[in-house]
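Okay, structure first, notes after.
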Amino acid sequence: MNYPSDGNETIPTDFDDVVQQVSTGSLAHQKIDELLHEAHERYSDVDDGLLAHYIPILGHADPDLFAIAMSHVGGSVHEVGDCQHEFSIQSIAKMFVYALVVQEHGREVVRERIGVNNTGMPFNSVMAVELNNGHPMNPMVNAGAIATTEMIPGRTSAKKWENVRAGLSAFAGRQLTLDDDVYASESESNERNKAVGRLLKSYRRIEGDPLAAVDVYTRQCSLNVTAYDLAVMGATLADGGVNPVTGQRVVDADVCRDTLAAVATSGLYEHSGDWLFEIGIPAKSGVSGGIVAIAPGKGAIGAFSPPLDIAGNSVKAQLAIGHLSRAMGLNLFASAPEKSLLAKAGRG
Ligand code: GLU
């Protein structure tokens with residue numbers, strides 16, 4: 001039993017002995033390819049949004065690239081557009097690294113060290129750390145993600161990096177490689193992340209060398225993926241931790257559930273609440289223009305287009321995923337009256 005001590009740290013929980021049931025239904029839609037093409041065609045000409053510039057090399061991306069892929073938990077992957085174009089995974093890595101760390105250490109250890117609440121502040125906020133006495137609060141913002149990366153097993157940072165890469169590669173079902181140019185560009189411009197790392201060290205949220213932790217974090221952000229990879233990686237979280245294409249178990253089903261809950265609060269930066277309100281499925285976005293959205297028990301959509309909105313989320317990727325979520329009935333909060341119950345009540 002865990003009741004909050006001061007009324008607002010966390011919600012009360014008193015149901016550990018109740019068996020967790022799963023009731024997600026399956027993906028009903030037969031026309032995945034048709035809907036993917038429809039969404040791609042519909043939003044291809046949208047030219048809103050700006051390229052990210054704070055990591056210099058991202059400002060050189062081709063703004064016209066546009067890809068949508070969907071991986072079904074049954075193992076089929078559907079794609080339209082530039083689905084084989086590689087881009088750096090950026091913040092989307094946070095979600096998968098968090099899953100690997102929860103798998104390794106257990107949910108409560110990671111929850112105590114990192115937290116799962118939205119900070120209400122920008123993803124690279126130093127103030128969020130200060131205001132919360134050094135508690136990062138959330139694994140999807142940089143402070144929480146750097147502290148999470150440090151918890152990846154490995155005695156040296158080279159070993160930690162190898163484990164991050166191997167873990168994310170297992171989610172993707174192929175060996176992912178580092179984009180050396182993005183890593184170099186980001187390493188030269190990440191003073192703020194280094195400051196966050198040092199601040200976390202001062203609060204003992206990081207045990208080892210904070211700059212080594214930031215370096216592994218920077219490498220994880222610089223791993224190359226495609227929209228196709230994102231769909232498969234997301235579908236692994238939708239499929240109880242088993243990669244639906246390779247059949248390999250990557251993490252436990254409980255870890256997927258916890259990870260998606262953490263992502264739902266903050267996957268789309270300061271627009272995470274609006275995203276959940278409008279689209280209704282957990283999603284994680286990255287500053288290079290990728291978004292992966294997960295429909296538990298059904299599948300996942302990976303979308304990519306570099307121009308971003310004011311919060312740092314790809315404009316076209318949001319539109320495409322929103323369209324597909326509606327057309328396929330993916331919204332987790334949507335329901336329709338149960339006909340048999342209405343009939344019993346004489347209202348059917
Ligand atoms: N590597 C970027 C950073 O740490 C990730 C930003 C993002 O994708 O949100 O600033």
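Throughout, numbering of the chain's residues begins at 1 and tracks the sequence. Counting starts at 1 for both ligands and their atoms, in listed order. Keep in mind it's a predicted model, so treat the numbers as computed, not measured.
With sequence neighbours left out, the side-chain hydrogen bond (donor to acceptor under 3.5 Å, both in side chains) criterion links Asn142 to Lys94, Asn193, Tyr217.
Alongside Val182, the hydrophobic cluster contains Tyr54, Ile55, Ile57, Leu58, Phe123, Tyr269, Val287, Leu308 (criterion: ILVMFWY side chains under 4.5 Å). Through direct or indirect side-chain contacts shorter than 4.5 Å among Ile, Leu, Val, Met, Phe, Trp and Tyr, Met121 is connected to Met127, Leu131.
Within 4.0 Å of ligand 1, heavy atoms belong to protein residues Tyr54, Ile55, Gln90, Ser91, Phe123, Asn142, Glu186, Asn193, Tyr217, Cys221, Tyr269, Gly286, Val287.
Using modelled atom types and a 3.5 Å distance limit, the side chains of His271 and Gln318 yield no donor-acceptor pair.
Each of Val242 and Val77 belongs to its own hydrophobic cluster when Ile, Leu, Val, Met, Phe, Trp and Tyr are linked at side-chain heavy-atom distances under 4.5 angstrom.
Taking the centre of each ring, Phe304 and Phe66 stay at or above the 6.0 Å mark.
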